[in-house]
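A note on names: the letters A, B, ... follow the listed sequences, proteins ahead of strands, and every chain is numbered from 1. Bear in mind that the values here come from a model prediction, so they are computed numbers and not experimental data.
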There are 2 protein chains.
Amino acid sequence: MSTADDRPTGPRLTTTSYAILGLLAVRSSSSYELTRQMGRGLGRIWPRAASKLYEEPKKLAALGLARAREGSVGERRRTVYSITPKGRRTLAAWLAEPGAGPVLESEQLVKLFFADHGTTRDALATIAAARAWAEERNEDNVRVGRAYLGGEGEFQERVATNMVVGAFLTELYRTVAEWADWAEQVVGRWPEDPRGATLDREAMEWVVDRAGWSVR
Amino acid sequence: MSTADDRPTGPRLTTTSYAILGLLAVRSSSSYELTRQMGRGLGRIWPRAASKLYEEPKKLAALGLARAREGSVGERRRTVYSITPKGRRTLAAWLAEPGAGPVLESEQLVKLFFADHGTTRDALATIAAARAWAEERNEDNVRVGRAYLGGEGEFQERVATNMVVGAFLTELYRTVAEWADWAEQVVGRWPEDPRGATLDREAMEWVVDRAGWSVR
DNA sequence: CTTCTATACTCCCTTTGGGACTATTCAAGG
DNA sequence: CCTTGAATAGTCCCAAAGGGAGTATAGAAG
């Protein structure tokens with residue numbers, strides 16, 4: 001943590017707060033725009049419900065990390081937020097700490113964890129759904145990557161940083177698909193009642209071997 | 001959704017509810033044991049705060065999906081829950097639906113998303129932290145995999161299903177580590193001020209090529 | 001006996017999800 | 001011009017969940 005002067009007092013800042021602050025560092029935005037931005041790229045790595053996001057910029061403004069400018073389009077209210085110098089320093093201080101590792105929530109995997117209480121067909125369907133998920137998500141990734149290569153990506157000037165995150169997602173989706181293909185083979189060899197499935201030694205050895213990269 | 005008879009009325013069941021129900025399908029347990037089980041393997045794919053977990057089995061019992069047996073160890077209270085036939089049917093019905101795709105939350109990636117508002121050194125530290133995370137997590141995975149190969153894994157009789165989920169995690173951790181190694185190379189080529197980083201065309205082409213698996 | 005860990009919970013305040021709602025603007029079509 | 005639907009711009013509400021703090025007993029070790 002950097003200078004004590006920049007440590008916000010009052011409401012605590014969450015990762016979501018910093019994400020909104022980061023978006024304001026890139027560009028001043030209306031609260032609606034902020035919720036849209038959070039829904040796109042960032043939503044893949046820090047998904048948040050839109051309805052809760054409207055509160056964040058207010059909090060940042062209350063802490064002096066952002067400034068709120070009330071305005072209107074005709075009779076419709078509109079608030080545009082912009083980052084303050086204090087906000088920039090606070091963001092930079094946060095970036096200087098390494099951050100928590102990924103947290104994964106997968107209902108599909110929970111179902112597979114208990115696959116022996118359903119049918120093998122159910123398990124295969126769940127695996128297929130996982131692959132479909134990866135495919136669908138990857139389509140967006142390809143499109144974005146190509147746009148950047150063509151020099152026409154959103155926030156093209158930020159391509160270097162966006163690529164690092166985009167590559168992670170690319171690899172993630174690819175991994176899910178490859179795992180799904182493998183799992184389909186393995187589970188396809190199960191009996192109809194998965195309770196009868198036993199250790200597939202060859203497959204297990206392959207998995208353990210794959211895990212060997214971190215072994216000292 | 002299967003037979004209407006088995007559709008629970010009253011409190012809504014969440015994925016967490018089903019996970020607890022699944023654990024009871026494997027073995028009757030005290031609420032404390034349930035919270036421990038949720039903290040181990042399942043916590044990697046469906047992390048939940050222990051303090052909230054004590055409510056779930058109560059809910060299942062209220063719905064007739066589990067039965068609660070009050071008891072004691074000396075003067076200490078203890079409640080053991082076991083699944084009912086209705087509970088088994090409800091679990092099986094849930095397993096018959098494919099389930100939602102993975103949801104990822106990564107503070108590290110959020111930081112990298114805004115890396116151009118920090119320093120290149122910060123970004124490299126964040127990448128190193130991601131790799132360290134993958135390493136640490138993978139160590140557990142290796143240990144578990146070897147125990148299963150040796151026939152001494154926890155719930156060895158469920159090795160077939162556990163392997164499918166374990167393989168996913170193995171691949172995930174490996175992917176994070178490989179991505180981190182790549183990202184370290186790429187970011188290592190950035191100028192000291194990451195705002196000066198520009199499109200690394202060769203790297204971007206590699207990423208887009210890697211994403212090509214799902215392209216029709 | 002003391003200390004620490006394990007077992008076995010409950011409570012509390014904050015954050016968050018997700019849905020529902022209100023209202024104006026803008027665009028397209030009849 | 002009017003109507004309809006999407007976009008913009010929010011607020012509210014109830015349930016789920018995070019994370020910390022707390023209480024209490026049992027068991028192990030010194």
Side-chain angles (χ1 to χ4, degrees), chain A residues 8-20 23 28-40 42-43 45-63 68-81 100-101 103-105 107 110, chain B residues 8-21 23 28-40 42-43 45-63 68-81 100-105 107 110:
Chain A
T9 55
R12 285 185 47 255
L13 291 173
T14 63
T15 303
T16 306
S17 312
Y18 286 110
I20 296 286
L23 288 175
S28 297
S29 309
S30 71
S31 13
Y32 178 83
E33 279 168 345
L34 289 172
T35 63
R36 293 308 93 176
Q37 291 293 331
M38 282 297 296
R40 288 201 284 266
L42 267 180
I45 56 176
W46 199 259
R48 284 296 175 272
S51 65
K52 308 308 305 180
L53 292 175
Y54 283 95
E55 299 164 18
E56 285 296 340
K58 293 183 203 294
K59 187 162 84 182
L60 296 177
L63 292 170
R69 199 168 72 251
E70 306 280 350
S72 59
V73 181
E75 300 220 23
R76 194 170 64 198
R77 285 184 308 154
R78 185 169 189 264
T79 312
V80 175
Y81 294 88
V103 172
L104 174 77
E105 294 190 346
E107 190 182 55
V110 176
Chain B
T9 58
R12 287 186 49 254
L13 292 174
T14 62
T15 302
T16 307
S17 311
Y18 286 110
I20 295 283
L21 190 61
L23 289 176
S28 297
S29 311
S30 72
S31 18
Y32 178 82
E33 279 168 344
L34 289 172
T35 64
R36 292 309 93 179
Q37 292 291 334
M38 281 298 295
R40 288 200 286 267
L42 268 180
I45 55 176
W46 199 259
R48 284 299 176 269
S51 65
K52 307 307 305 181
L53 292 175
Y54 284 94
E55 301 164 14
E56 285 298 337
K58 295 184 200 296
K59 188 162 83 180
L60 296 177
L63 292 170
R69 198 170 70 250
E70 306 280 351
S72 59
V73 182
E75 302 219 21
R76 193 169 63 199
R77 286 184 309 153
R78 187 171 187 261
T79 311
V80 175
Y81 294 88
V103 172
L104 175 78
E105 294 190 349
E107 190 181 54
V110 176

With the side chain of Tyr54(B) defined as its heavy atoms from C-beta on, choose the nearest nucleotide among dG27(D), dT10(C), dG17(C).
dT10(C)

Under 3.5 Å, is there a donor on one side chain and an acceptor on the other for Trp46(B) and Thr16(B)?
yes

First encountered from the 5' end of DNA chain C, between Arg78(B) and Ala50(A)
Arg78(B)

Does dA17(D) have its OP1 or OP2 closer than 4.0 Å to a side-chain nitrogen or oxygen of Lys52(A)?
no

Has Tyr32(B) got a side-chain N or O lying under 4.0 Å from the OP1 or OP2 atom of dT7(C)?
yes

For Ala19(B) and Val110(A), work out which heavy atoms get closest and say how close.
CB-CG1, 4.1 Å

Could you state the CZ-P distance from Arg77(B) to dA26(D), rounded to the nearest angstrom?
13 Å

Distance, rounded to the nearest Å, where Arg76(A) contributes CZ and dA9(D) contributes P:
5 Å

Sugar-phosphate, base or nothing in reach of Glu70(B), heavy atoms under 4.0 Å:
nothing

In whole angstroms, the gap separating C1' of dG10(D) from CD of Glu56(A) amounts to 16 Å

Roughly how many Å is it from CG in Leu34(B) to C1' in dA8(C), rounded to a whole number?
12 Å

Does Thr14(A) make a side-chain N or O approach to OP1 or OP2 of dT15(C) shorter than 4.0 Å?
no

How would you label the contact of Ser31(B) with the nucleic acid (heavy atoms, under 4.0 Å): base, sugar-phosphate, or nothing?
sugar-phosphate

If you count the non-hydrogen atoms of other residues, nucleotides and ligands that lie under 6.0 Å from CZ in Arg69(B), is the total more than 12?
no

If I take atom CD in residue Glu105(A) and atom C1' in nucleotide dG18(D), what distance separates them, rounded to the nearest angstrom?
11 Å

Does Arg48(A) reach a base, just sugar-phosphate, or nothing at all? Heavy atoms under 4.0 Å.
sugar-phosphate

Judged by nearest nucleotide, the residue sitting upstream toward the 5' end of DNA chain C, Lys58(B) or Arg36(B), is Arg36(B)

Set out, in order, the CA-CA distance, both residues' side-chain angles and the distance that settles side chain to side chain donor-acceptor pair (under 3.5 Å) for Ser72(B) and Arg77(B), then state yes or no.
CA-CA 4 Å; Ser72(B) 59; Arg77(B) 286 184 309 153; over 6 Å; no

Protein-nucleotide distance (Leu53(B), atom CG; dA8(C), atom P), rounded to Å
15 Å

At under 4.0 Å between heavy atoms, what does Pro57(B) touch on the DNA or RNA strands: base, sugar-phosphate, or nothing?
nothing

To the nearest Å, how far apart are Leu42(B) CG and dA17(D) P?
14 Å

Taking only N and O in the side chain of Thr35(B), is any of them less than 4.0 Å away from OP1 or OP2 of dA8(C)?
no

dG19(D) OP1/OP2 closer than 4.0 Å to side-chain N/O of Ser51(B)
no

Hey, what do you get for CZ (Arg40(A)) to CG (Leu23(A)), rounding to the nearest 0.5 Å?
10.0 Å

Calculate the interatomic distance between Leu13(B) atom CG and dA16(D) atom C1'; express it in whole Å.
13 Å

So, is Thr79(B) near the phosphate of dC9(C), with a side-chain N or O under 4.0 Å from OP1 or OP2?
yes

Glu56(B) vs Lys59(B), salt bridge (charged side-chain N to carboxylate O under 4.0 Å, His left out): CA-CA, chis, key distance, verdict:
CA-CA 5 Å; Glu56(B) 285 298 337; Lys59(B) 188 162 83 180; 3.6 Å; yes

